[in-house]
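Report on one structure; see the data block that follows.
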Amino acid sequence: MQMDFLTELAVDKIGFGLACIANLFFFLLTLATRVKNLPKSLLLSWSLLNTIWAGYYIFTAVAPYSSTLSISLELGRNLLLLLFLLSALGNAQQTLWQLLQKGSVQLLIVVMSGWTALCVFQLLSTNLIFTGSLAICILQLSLLEAIYRRAAAERWQYKPLVLGITVCALFDFVLLAESAMFGQVDNQLWSARGFVYAGIIPLLIISVRRVQAWGINVYVSRDIVLQSSLVLAAGCYLCLIAVAGFYIRYIGGNWSNLLQTAFWVLGFAMLAILLLSGAVRRRLKVFIEKHFFANKFDYRQKWLELTRQLKLIDLSKTEQYQTVLYAWLNAIGYQRGCLIQLDEQKNFNQLAIIGRGKLNPDELVLLKHYVQQFEAKHWIVDLSDNKDPFSQQHQLNNIDIQLIVPIYSDTLLWGLCLMNAPDVDRQHLNWELRDYLMLVSEQISSYLLLMQTSEQLSENAQFVAFSRMSAFIVHDLKNVKAQIDLLLTNSIKHRRNPEFIDDSFETLAAMQKRLENMLSQLSNKQIAAANNSVFTAAAVVTEVVTQRCASKSPTPVLNISNDGQLSVDKERFASVLFHLIDNAQHATADTGTIKIDITTDEHNLIVQINDSGCGMSEEFIQQRLFKPFDSTKGNAGMGIGAYDALHFAKQHEGQLMVSSKEGIGTTFTLVLPLH
């Protein structure tokens with residue numbers, strides 16, 4: 001027995017020796033950091049006192065918590081640690097005097113000082129001293145949990161620190177709980193204490209290297225208070241179990257071990273049930289919101305959640321209304337709901353349903369009465385309010401609705417959002433909830449109307465695309481008609497000429513191919529893809545002038561300075577030139593002139609079409625010339641000639657430039673890269 005005691009004693013000294021060296025090293029390392037604020041100063045004081053505390057147990061054989069110095073060191077360490085944790089939760093720039101002026105800190109110092117006096121003067125039993133120290137461990141764990149949750153983006157900096165101190169606090173909790181039960185410190189647990197405090201130093205060193213600033217300024221949310229309250233309540237519950245277990249062992253006699261074991265198992269089982277119970281957590285949350293917060297909701301958090309959920313809406317998917325309803329329910333913590341839309345005949349269209357079935361006949365009757373009574377009043381109804389006149393008018397036995405929230409489009413009732421929840425989660429409608437729901441309703445209804453408008457725009461876009469494609473086809477039909485007109489005009493003079501007949505059949509074949517292409521575009525509902533080829537530009541321009549534009553006056557005059565080859569869609573190039581020349585002919589009197597010049601530079605082909613027509617104002621060029629479907633020819637034009645030419649030039653990395661003066665004339669310059 002004596003050898004075992006000496007062995008435990010030697011292990012005890014080794015552990016505290018390591019703890020003394022480790023804490024001294026941590027103190028020096030922290031002292032060398034550049035961070036200068038109150039949390040760092042308190043952490044330095046705590047590590048220095050830990051060094052003295054460990055050294056004391058190396059050179060003394062006094063039982064812990066049995067002497068004045070032992071009690072003073074233990075409680076002094078705990079007080080410094082609590083002050084450090086409180087300062088870490090506050091402003092990094094606060095001074096010690098500012099910290100000490102806080103009511104909670106002053107209360108803590110008074111309580112700790114009073115407790116120390118009671119322990120030092122031996123006015124309390126050993127069991128009560130250990131039990132009181134348990135409460136200090138619980139408070140430490142609660143503050144550590146608060147620091148970890150409030151750190152947010154800086155959590156990675158504080159994680160090693162929180163983990164290390166939590167390990168020490170949990171170890172002390174087990175040690176003190178065991179000591180409170182048996183009235184004395186367990187030798188084996190005490191021997192391990194020095195090793196535990198030495199082992200957590202690397203975690204603290206990592207945290208010192210990471211932390212850039214000790215202050216953590218975040219909004220205190222309801223969830224953080226809830227989690228901290230659960231930790232504190234669980235710790236108090238465990239303290240009660242420890243005290244009750246001690247008395248069971250004290251009065252149990254021969255049955256003490258059996259009774260104590262059964263009590264501990266049942267106690268922990270009850271704690272697990274309470275912590276995992278959703279109803280208990282919800283009731284605690286409601287209690288906290290009612291008694292510790294001025295507002296019913298954490299508006300900052302709720303609004304961020306609502307915004308994130310509304311961002312998830314995908315207008316291309318059918319479940320978009322389901323996402324909207326889920327965001328609406330989550331805004332007040334409800335689980336069941338229905339989103340309905342009213343048509344022109346005031347019939348209900350159920351867009352989304354969550355957690356409930358479709359509307360039953362009784363609910364439909366109730367909603368029709370609501371629409372008749374409140375259609376223009378923007379009124380939210382709480383059916384769970386027995387004092388509400390509307391609720392008193394209806395039997396609510398078969399009604400799975402608590403809140404009816406209207407949705408408006410301007411001044412017209414667009415639809416309704418129906419919400420319900422279990423009694424424990426229900427929010428009673430007051431002025432705050434009403435204002436909050438109206439605000440959420442305005443936000444979500446804007447999304448609903450945007451979704452509806454997007455659907456209409458999508459349908460309109462399809463019609464616009466089809467109309468645009470049809471306009472281009474009509475535009476091409478004008479080309480075919482021009483070829484037919486030219487063919488008929490020339491047939492009067494040349495119908496018996498074999499060469500003319502051959503050319504006519506070639507022209508008809510080209511027109512047939514063009515018409516087939518148009519029919520294909522109509523069938524596929526899309527504009528045909530480009531069919532690029534290499535050709536000589538002057539030959540195509542000459543063909544357009546002599547075959548398509550010769551039937552109108554004035555006849556264009558072609559001047560070819562330099563020719564060049566292009567690699568574009570030949571038919572499209574010819575069509576663009578025809579429409580530019582045709583526009584010039586419409587704008588120029590029969591006695592006027594139209595000149596077409598073809599030249600090249602180092603990289604580009606340049607086609608210049610100059611007319612002496614009526615010209616255009618700068619405002620018309622900027623605002624209307626290249627606007628599709630805007631024509632100055634009345635019903636004779638489609639308004640896409642200039643737009644198509646500009647699009648063609650840009651598509652091939654070219655340019656279409658315009659210069660014009662009213663009453664003098666216009667010059668179009670088409671620039672295309674050479675092949």
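If you read the sequence from its start, that first residue is 1, and numbering goes on from there.
For Glu653, the CD atom is loosely surrounded, since the number of other residues' heavy atoms within 6.0 Å does not exceed 12.
A salt bridge does not link Glu543 to Lys570: none of the charged side-chain nitrogens sits closer than 4.0 Å to a carboxylate oxygen.
Minimum interatomic distance between Met419 and Cys417 (heavy atoms only, all atoms of both residues): CG-SG, 3.9 Å. Residues Glu363 and Lys358 approach most closely at OE1-O, 4.1 Å, considering heavy atoms. The shortest non-hydrogen separation linking Pro406 to Ile380 is CD-CG1, 3.9 Å.
For Glu375, the salt bridge (charged side-chain N to carboxylate O under 4.0 Å, His left out) test picks out Lys346, with sequence neighbours left out. Qualifying salt bridge (charged side-chain N to carboxylate O under 4.0 Å, His left out) partners for Asp400, counting only residues two or more places apart in sequence or in other chains: Arg336. Phe668 pairs by the ring-ring contact (aromatic ring centres under 6.0 Å, His included) definition with nothing, not counting sequence neighbours. Remark: Trp379 engages no residue in a side-chain hydrogen bond (donor to acceptor under 3.5 Å, both in side chains) (not counting sequence neighbours). Under the ring-ring contact (aromatic ring centres under 6.0 Å, His included) criterion, Phe348 pairs with no residue, sequence neighbours left out.
Ring planes of Phe374 and Phe390: perpendicular class, angle over 60° (limits at 30 and 60°).
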Asp382 vs Asp388, side-chain contact (heavy atoms from CB on, under 4.5 Å): CA-CA, chis, key distance, verdict = CA-CA 8 Å; Asp382 182 2; Asp388 188 284; 5.7 Å; no
Intermediate values then yes/no, side-chain contact (heavy atoms from CB on, under 4.5 Å), Ile560 and Thr542 = CA-CA 10 Å; Ile560 303 174; Thr542 302; 4.1 Å; yes
Worked check of side-chain contact (heavy atoms from CB on, under 4.5 Å) between Gln372 and His369 | CA-CA 5 Å; Gln372 293 172 0; His369 290 170; 4.0 Å; yes
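Side-chain atoms of Tyr321 and Gln341 include no donor-acceptor pair closer than 3.5 Å.
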Which donor-acceptor pairs under 3.5 Å do side chains of residues 588-603 form with protein atoms, sequence neighbours excluded?
from   : atom 1 : to     : atom 2 : distance (Å)
Thr588 : OG1    : Ala584 : O      : 2.7
Asp597 : OD1    : Asn559 : ND2    : 3.3
Asp601 : OD1    : His603 : N      : 3.0
Asp601 : OD1    : Asn604 : N      : 2.6

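Ser660 places a side-chain N or O within donor-acceptor distance of the main-chain N or O of Gly665, the cut-off being under 3.5 Å.
Each of Val371, Leu412, Ile407, Asn347 was evaluated against Leu342; a single residue qualifies, Val371, per the side-chain contact (heavy atoms from CB on, under 4.5 Å) test.
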